[in-house]
> 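One structure is given below, represented as structure tokens, and several questions about it will come after.
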Amino acid sequence: MHFCHPFNNSSPDGSGFRVVKGTVVILRPIVRSPPGRRTTVRLYSSTQIDSKTGKAKLSSEASLKGKKKTKHGKSKTFTYHVTFHLNSEFGAPGALVLKNGNKNDFFLKFISLQVSDDRKIHFDCNSWIYPVKKTQLDRIFFANTSYLPNKTPAPLQELRQEELRNLRGNGRGERKKWERIYDYDYYNDLGSPDKGEDHVRPVLGGTNSYPYPRRCRTGRPLSKTDGVTETRGKFLNLDYYVPPDDRFSQAKFLEFIISAIEAVVNFAVPELKSLFQGDIHNFRSFEQLKKDLYSQTPKNAGYETVAMEKLKTLVPDEIYKEVTKKTKENPAKFPTPQVIAVDENAWRTDEEFAREMLAGLNPATIKCLEVFPPVGIDGEKSLISSFHIEGKLEGLSVETAMHQRRIFILDHHDYLMPYLDQINKQKGVCVYASRTLLFLKNDYTLKPLVIELSLPGKEEDSSRVFVPEVPELWHLAKTFVAVNDSGYHQLISHWLCTHATVEPFVIATRRQLSAMHPIYKLLDPHLKDTLHINALARSILLNAGGILEMTMFPGKYSMEFSSKIYANWRFSEQALPEDLIKRGLAVRDPYQPAGVSLLLEDYPFATDGLDVWIAIKKWVHNYCTSFYYDDVAVISDTELQSWYTEIRNVGHGDRRHDPKCWLELNSVENLTQTLTTLIWIASALHASVNFGQFAYAGFPPNRPTRCREFIPFESTQEYLELKKYPEKFYFNMIPDRFTTTLGLALIEVLSCHMADEVYLGQRSSEGWTDNSEILRLFQEFSDDLKQVEKKIKERNKDVTLKNRSGPAKVPYTLMYPDTSNTGKEKGVTGKGIPNSVSI
């Protein structure tokens, strides 16, 4: 709705002014006192310009009064009232300015003005308001009407630009927690060179050697040792700068901290203690592993006390008090992973090993084999030959199977080989590069045919080929493939291709698109919490000596290794149809809704994913065409073009010279494809690689993260030991107890849905827009997703689709939107697509 006319129905107060009453709703603070009369609001007219200032006409101040305890949804709130006396020519309010004159910050949910008996103007704020003594700025909020830049009411144009200028900052100084400034920086916050050579890590981003997406700048002091690495301060810092409105809600932060404490206290701390007490270093058997990890409810009150005392120094007092209360109310219990819940041994089978490449944690890496034998980027041929696979192709020759596109490859070879010497020099790490060939059977399941494991060098034994006919070695070879795939999944498919690549889009959206911009309103839910979870990841997971370095096989080379993969990353190829075509698993088909036809029909990730993709693209197309009536409107949108230019040249500046990386933003069609791809990455793609972690990797032998021994040759004493004591050898080869349980504690936290999760097809606020047609289209989007849910349920019941659950009987639900879930079902659910990369 456009506020073009003075309102005629406000209540006269007898003095030539009109009275407008409003409500102000804030989240109820946990400890601190709420705002009072010193917090004031003023209104800006959307139709009248003040001749003295050249800006929108401004009302007099109104103080917050009449505080009442209320509840909005699941949130405990305070509701205040405000009263404005406006000149009858003031016109309709289009913006407001709020000043926090009190001493504490608070979270403002919304302000609603009753301008007539049947008309409200809503300001959807959802923002932290810090005292003006700290910020030296009042806060501007716009009504929930969307305007393209050239359609903005004249009185609001300068306010629109002023707000964006405030958000960009000047790129200097260390950020303070109350500042709302979005700027870019390199990944110069991973190392700690002041601690010594072993904690030095390269700066990622800005060079040809280490290209990388940019992160949000904090401006912390630089290391005295090298002058380029940001200092880290505390050993464990949970409070690095994140712009306030991109931080976790207090409820979510509490839930996250509690989950982490429970995981560490009940898994990692006892295992660490056992090392110092001389307890057994490795698990002795599968039975012992299952009993120790899943059958007993841990009781570690002493360890919990230590952990809580440490936490007290890391988080604000109000957070610490709530965590203490919650951990006493909720004793930890850890679930049995789905992969062993029905059949404890199904994970060992070749069928399940192959199925997880289509429906497991890392389902977007497998490719159709283009050349046999496989050839590396250096032109060197694989040792795999027809001899290894003939007679296993259901009567087909190798040539015919290749022609019919029925041979697939899981390729963890070329990208790893340059790093293997360095990786294997680390203590307790023995890793190969791998190639796994698979055959598509007549029932559309995959059969592993052969595995090649390679080490650098020209020696005759630097590459070895393994086949299922030698079962004791075949099982070990599959383990090394799983190790490769685990590392690639966590560092590339998960971290790089969702978390890291989305962050520049968040920064650019905040800096270049006004909150009034329709594309800002479209993208806002898909940017939620990404900056905060990424900052936490850099603080405790990805940093030198962090949990991923301790648990994943690349170790100290983990982030450097992901940089090399990013050198070939293309945003245009992250669109699901384009990804499937690139991997040889689909062909273009203009008669299909997604524009492609799958060559492998029983491919759960792709089948369900395309349904979700189609629903997202339809919604985005309908939304964009509601504001952009032709291509000229896209090209002439100054904010939109600045947004895209900044993403390509700054946020992802290291990929700006690849012409195939980006579509040109010169049409409604390209805008739709670009936005659909971004929303797909932030929502469905991230869900597919994150929320199944505990289901599959929660049983560590199914997804080990590193190995400590190589596979012995058949003529050695080690091979005889393997033959005699296979289980003992296996547990000496995979990670020790502490590494295993530390990794398990991590993925248990990462696999959880939080109570305040907002799923695809949902919005956290009903007042996000005043456009009734857009609200209708959004409801249509939600309904489309519910139809996707029905299709997924039907597919999972179809016994002919064997890849849907496989031998382990784990139904594929990672693409199940769960649109009706309003937070009642949380934790490790193995389903649900949150709007954003938020955990």
Side-chain angles (χ1 to χ4, degrees), residues 262-263 266-268 271 282-298 332-363 445-446 448 471 474-483 485-486 489-490 551 604 688-707 726-731 733-752 796 802-814 827-831:
E262 289 176 347
N266 290 289
F267 279 112
E271 290 299 333
N282 301 322
F283 291 108
R284 294 185 297 271
S285 67
F286 290 104
E287 288 306 313
Q288 186 207 22
L289 180 146
K290 286 181 280 193
K291 179 182 177 183
D292 287 359
L293 294 182
Y294 315 117
S295 300
Q296 301 170 343
T297 300
K333 292 184 179 180
F334 296 90
T336 300
Q338 280 182 282
V339 75
I340 60 167
V342 176
D343 183 339
E344 291 188 344
N345 296 306
W347 68 276
R348 296 173 181 262
T349 65
D350 286 358
E351 294 84 351
E352 181 63 23
F353 173 71
R355 186 194 75 88
E356 290 182 21
M357 299 178 197
L358 303 174
L361 275 188
N362 197 32
T445 62
L446 292 177
W474 176 248
H475 175 58
L476 298 184
K478 289 196 298 180
T479 300
F480 278 93
V481 172
V483 167
D485 205 55
S486 293
H489 159 259
Q490 201 65 272
T551 58
S688 74
V689 296
N690 184 72
F691 292 104
Q693 290 192 75
F694 196 82
Y696 290 104
F699 183 61
N702 189 52
R703 301 282 297 180
T705 56
R706 60 171 56 171
C707 283
E727 203 163 47
K728 179 181 178 182
F729 184 92
Y730 180 80
F731 281 104
M733 186 180 80
I734 65 171
D736 58 45
R737 289 181 64 115
F738 174 66
T739 304
T740 296
T741 51
L742 182 62
L744 185 60
L746 169 65
I747 63 171
E748 201 274 336
V749 174
L750 296 183
S751 298
C752 284
N796 284 341
K802 296 185 178 181
N803 295 324
R804 299 298 304 189
S805 61
K809 300 293 186 289
V810 183
Y812 190 73
T813 55
L814 293 174
V828 181
T829 67
K831 63 180 181 179

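Note that the structure is a prediction, hence the values are computed from the model and not measured.
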> Look only at the side chain of T479 and the backbone of H475, and say whether a donor-acceptor pair between them is shorter than 3.5 Å.
yes

> With no hydrogens and no angle check, do the side chains of N702 and E352 hold a donor and an acceptor under 3.5 Å apart?
no

> Going from CD on E287 to CD on E344, what distance comes out if it is rounded to the nearest 0.5 angstrom?
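Atom-to-atom, E287:CD and E344:CD are 6.0 Å apart.
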
> Can a donor-acceptor pair be found, under 3.5 Å and without considering hydrogens, that links the side chain of N362 to the backbone of S486?
no

> How are the rings of F286 and W347 set to each other: parallel, tilted or perpendicular (split at 30° and 60°)?
tilted

> Ignoring hydrogens, what is the shortest heavy-atom contact between A354 and L446? Give both atom names and the distance.
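Residues A354 and L446, closest heavy atoms: CB-O, 3.4 Å.
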
> Just how far is it from atom CD1 of I734 to atom OG1 of T739, taken to the nearest 0.5 Å?
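Here the interatomic distance stands at 10.5 Å.
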
> Can you find a heavy atom in the side chain of I747 that is under 4.5 Å from one in the side chain of Q490?
yes

> Should Q338 and V828 count as side-chain neighbours, where that means a heavy-atom distance under 4.5 Å?
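A side-chain contact under 4.5 Å is absent here.
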
> Got a second to check how far R737's CZ is from F731's CZ, nearest 0.5 Å?
10.5 Å

> How many angstroms lie between CZ in F353 and CG in D485, if you round to the nearest 0.5 Å?
8.0 Å

> Kindly compute the distance separating CG (L814) from CZ (F691), expressed to the nearest 0.5 Å.
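Between L814 CG and F691 CZ, I get 9.5 Å after rounding to 0.5 Å.
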
> Has T740 got a side-chain atom pairing as donor or acceptor with P735's backbone, closer than 3.5 angstrom?
yes

> Hey, what do you get for CG (L289) to CD1 (I340), rounding to the nearest 0.5 Å?
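If I round to the nearest 0.5 Å, the distance is 8.0 Å.
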
> So, S751 side chain and E748 main chain: donor-acceptor pair closer than 3.5 Å or not?
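No, the answer is negative, given that no donor and acceptor are paired below the 3.5 Å cut-off.
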
> Between L358 and P604, is any pair of side-chain heavy atoms under 4.5 Å apart?
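Side-chain contact under 4.5 Å: yes.
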
> Is a side-chain donor or acceptor of K290 paired with a backbone partner of F699 at a separation under 3.5 angstrom?
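No, because the side chain of K290 does not come within donor-acceptor range (under 3.5 Å) of the backbone of F699.
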
> If only atom types and distance count, is the side chain of N690 paired as donor or acceptor with the main-chain N or O of L750 below 3.5 Å?
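Yes.
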
> Between H489 and R703, is any pair of side-chain heavy atoms under 4.5 Å apart?
yes

